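Quick notes on the structure that follows.
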Amino acid sequence: MARNFLQITDLKRSEAWNMLTRAKEIKASNWRSTLLNGKTIILLFEKASTRTRISFEVAIRALGGNVLFMTNKESQLGRNEPLRDTARVLSRYVQGVVVRTFAQESLEELASVGTIPVINALTDLHHPCQVMSDMLTIFENTPDLPSLKVAWVGDGNNMANSWLHAAMYFPFTLHLAVPKGYEPDSGILQHARESGANVVLTHDPKEAVSEAHYVNTDVWASMGQEDAANERREIFAPFQVNSRLLALAHPECKVLHCLPAKRGEEITDNVLEGESSLVWDQAENRLHMQKALLEWVYDEHHV
């Protein structure tokens, strides 16, 4: 049976921890592998990408695999071919599919009908690869996770949802500050709280950032929400990560942003480029985490 990675909760808690430590080892050793020799992985992207696409392509090749890239416009998906038909055909051509799309249900259908691993490279509901990479960035800087307060400031989007899943697996305190009406998925929030995750939801960014060790944000209008960008800009203005807000955080607070950033909107240029910013390490860590993730998917004996 194929191993799929559709959300962080597809991992066991021990596997999530092992993936974190494994990615750190891989980064330190500039590790390469022959695990994917003879295998071809297809990247099927309906949404634009820089870091996700490149990190997966480089990671797949570092493990000895071949990679193909295709958008829906270059396939019959652009002409509304049923996903179940695509899943069956791809399962006979390649040994895995990395998908970046809109609906989480599309991933689940590909995984349920196909016989090859499916990896979530982003949906509107989850961005698990990004958040696991962000956990690597935090872990390599401050491995004492139980002592940490992590703040999410902005939209209750796919990143916020995956941060809730991360809080179920790793022992930090998560404070989410979002405008009213822009909360994360209610079912995911409830699941996280019921699992024992230390999660606080507020509509006050100052409360969330107060004494935080990490402050994390994302664009106010994600892909597919461009028509609402002007409205969101007004609503989210008090949630900008700037020097005034960061003055409330822990003195050694670090700033995260999954990129791309709208400088001057959700984050100011001086913060993104400042000494507290870890965004470039964070972007690099996508590569190392993708390698560890691929190892988990294809080497059942390792993790």
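This structure is a prediction, so every number in the text was calculated from the model and none was measured.
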Query raised in the report: When rounded to the nearest 0.5 angstrom, what distance separates CG in Asn120 from CD in Gln130?
Result: 12.0 Å
**Report entry** Closest non-hydrogen atom pair, Thr71 against Phe69
**Finding:** CG2-CE2, 3.7 Å
Requested in this report: Give the minimum heavy-atom separation between Met168 and Arg13, together with the two atoms involved.
Outcome: O-NH2, 2.5 Å
Requested in this report: Taking atom NE2 of His191 as the centre, report whether more than 12 heavy atoms of other residues, nucleotides or ligands fall under 6.0 Å from it.
Outcome: no
Query raised in the report: So, Asp299 side chain and Glu295 main chain: donor-acceptor pair closer than 3.5 Å or not?
Result: no
Query raised in the report: Can you check side-chain contact (heavy atoms from CB on, under 4.5 Å) on Ile267 and Val255, steps first, answer last?
Result: CA-CA 10 Å; Ile267 191 168; Val255 174; 3.9 Å; yes
Query - ring-ring contact (aromatic ring centres under 6.0 Å, His included) assessment of Trp17 paired with Tyr169 - result: CA-CA 8 Å; Trp17 273 103; Tyr169 277 53; 9.9 Å; no
Query raised in the report: Is there a donor-acceptor pair closer than 3.5 Å between any side-chain N or O of Ser277 and the backbone N or O of Leu272?
Result: yes
Query raised in the report: Ser243 versus Asn270: any side-chain heavy-atom pair under 4.5 Å?
Result: yes
Query raised in the report: Under a 4.5 Å side-chain heavy-atom rule over Ile, Leu, Val, Met, Phe, Trp and Tyr, are Leu201 and Val215 clustered together?
Result: no
Report task. State, to 0.1 Å, how close Ala192 and Leu164 come at their nearest heavy-atom pair, and which atoms those are. Result -> CB-O, 3.9 Å
Requested in this report: Is it possible for you to check whether Arg3 lies under 6.0 Å from the centre of the six-membered ring of Trp296, through NZ or CZ, and within 45° of that ring's axis?
Outcome: yes
Query raised in the report: If you draw the axis of the six-membered ring of Trp31, does the NZ or CZ of Arg22 fall within 45° of it and under 6.0 Å from the ring centre?
Result: yes
Query raised in the report: Atom CG of Asn161 and atom CD1 of Ile188: how far apart are they, to the nearest 0.5 Å?
Result: 4.0 Å
Query raised in the report: Quick one: do Val297 and Leu35 end up in the same hydrophobic cluster if we chain Ile, Leu, Val, Met, Phe, Trp and Tyr together by side-chain heavy atoms under 4.5 Å apart?
Result: yes
Report summary line: Minimal heavy-atom distance between Pro179 and Ile235, with the atoms involved, is CB-CG2, 3.8 Å
Query raised in the report: Does Leu68 share a hydrophobic cluster with Leu110, counting links as ILVMFWY side-chain heavy atoms below 4.5 Å and allowing steps through other members?
Result: yes
Report task. Measure from the side-chain N and O atoms of Ser112 to the backbone N and O of Glu108, and report whether any donor-acceptor pair falls under 3.5 Å. Result -> yes
Query raised in the report: Between the side chains of Thr123 and Asn158, does any donor sit under 3.5 Å from an acceptor?
Result: no
**Report entry** Lys206 vs Leu245, side-chain contact (heavy atoms from CB on, under 4.5 Å): CA-CA, chis, key distance, verdict
**Finding:** CA-CA 7 Å; Lys206 295 180 180 178; Leu245 186 63; 4.1 Å; yes
Requested in this report: State whether the side chain of Lys291 and the backbone N or O of Phe56 hold a donor-acceptor pair below 3.5 Å, judged by distance alone.
Outcome: no
Report task. On the 0 to 90° scale, with breaks at 30° and 60°, tag the His165-His126 ring pair as parallel, tilted or perpendicular. Result -> parallel
Query raised in the report: Is Ser91 reaching over with its side chain to a backbone N or O of Thr115, donor-acceptor style, under 3.5 angstrom?
Result: yes
**Report entry** Heavy-atom side-chain contact between Cys129 and Thr52 under 4.5 Å
**Finding:** no
Query raised in the report: If you measure only the distance, is there a donor-acceptor pair under 3.5 Å linking the side chains of Asp204 and Thr202?
Result: no
Query raised in the report: Backbone N or O of Ala261 within a donor-acceptor pair of the Glu266 side chain at under 3.5 Å?
Result: no
Query raised in the report: Between the main-chain N or O of Phe45 and the side-chain N or O of Ser49, is there a donor-acceptor pair closer than 3.5 Å?
Result: no
Report summary line: CG (Asn230) and CZ (Arg233) are apart, to the nearest 0.5 Å, by 5.0 Å
Query raised in the report: Which pairs pass side chain to side chain donor-acceptor pair (under 3.5 Å) with one or both residues in residues 54-65, sequence neighbours excluded?
Result: Arg53-Glu57, Ser55-Gln290, Glu57-Arg61
Query raised in the report: So, Thr142 and Tyr214: side-chain donor and acceptor under 3.5 Å apart, yes or no?
Result: yes
Requested in this report: State the CD1-CD distance between Ile138 and Gln282, to the nearest 0.5 angstrom.
Outcome: 8.5 Å
Report task. Output yes when a side-chain donor or acceptor of Thr21 lies under 3.5 Å from a complementary backbone atom of Asn18, and no otherwise. Result -> yes
Report task. Determine, for Phe139 and Lys24, whether the Lys NZ or Arg CZ falls below 6.0 Å from the six-membered ring centre while staying within 45 degrees of the axis. Result -> yes
Query - Met159 reachable from Met135 in the ILVMFWY side-chain graph, under 4.5 Å edges - result: yes
Query raised in the report: So does Arg232 pair up with Asp227, basic N to acidic O under 4.0 Å?
Result: no
Query raised in the report: Would Leu278 and Leu174 show up in the same hydrophobic cluster when neighbours are defined by side-chain heavy atoms closer than 4.5 Å?
Result: yes
Report task. May I ask you to check whether Arg263 and Thr268 show a side-chain donor-acceptor distance below 3.5 Å? Result -> no
Requested in this report: Report the distance from atom CH2 of Trp220 to atom NZ of Lys262, rounding to the nearest 0.5 Å.
Outcome: 11.5 Å
Report summary line: Looking only at heavy atoms, the pair that brings Ile41 and Val97 closest together is CG2-N, 4.3 Å
**Report entry** Donor-acceptor pair between Asn157 and Asp218 side chains, under 3.5 angstrom
**Finding:** yes
Query raised in the report: Can any side-chain N or O of Arg100 pair as donor or acceptor with the backbone N or O of Leu122 at less than 3.5 Å?
Result: no
Query raised in the report: Have Lys27 and Asn285 got a donor and an acceptor in their side chains that come within less than 3.5 Å?
Result: yes
Query raised in the report: Is any side-chain heavy atom of Thr217 closer than 4.5 Å to a side-chain heavy atom of Trp152?
Result: no
Requested in this report: Indicate the atoms forming the closest heavy-atom contact of Leu294 with Ala59, along with that distance.
Outcome: CD1-CB, 3.9 Å
Query raised in the report: Which distance, rounded to the nearest 0.5 Å, do you find between the CD1 of Ile119 and the CG of Leu44?
Result: 13.0 Å
Query - Pair Thr34-Asn37, side-chain donor/acceptor within less than 3.5 Å - result: no
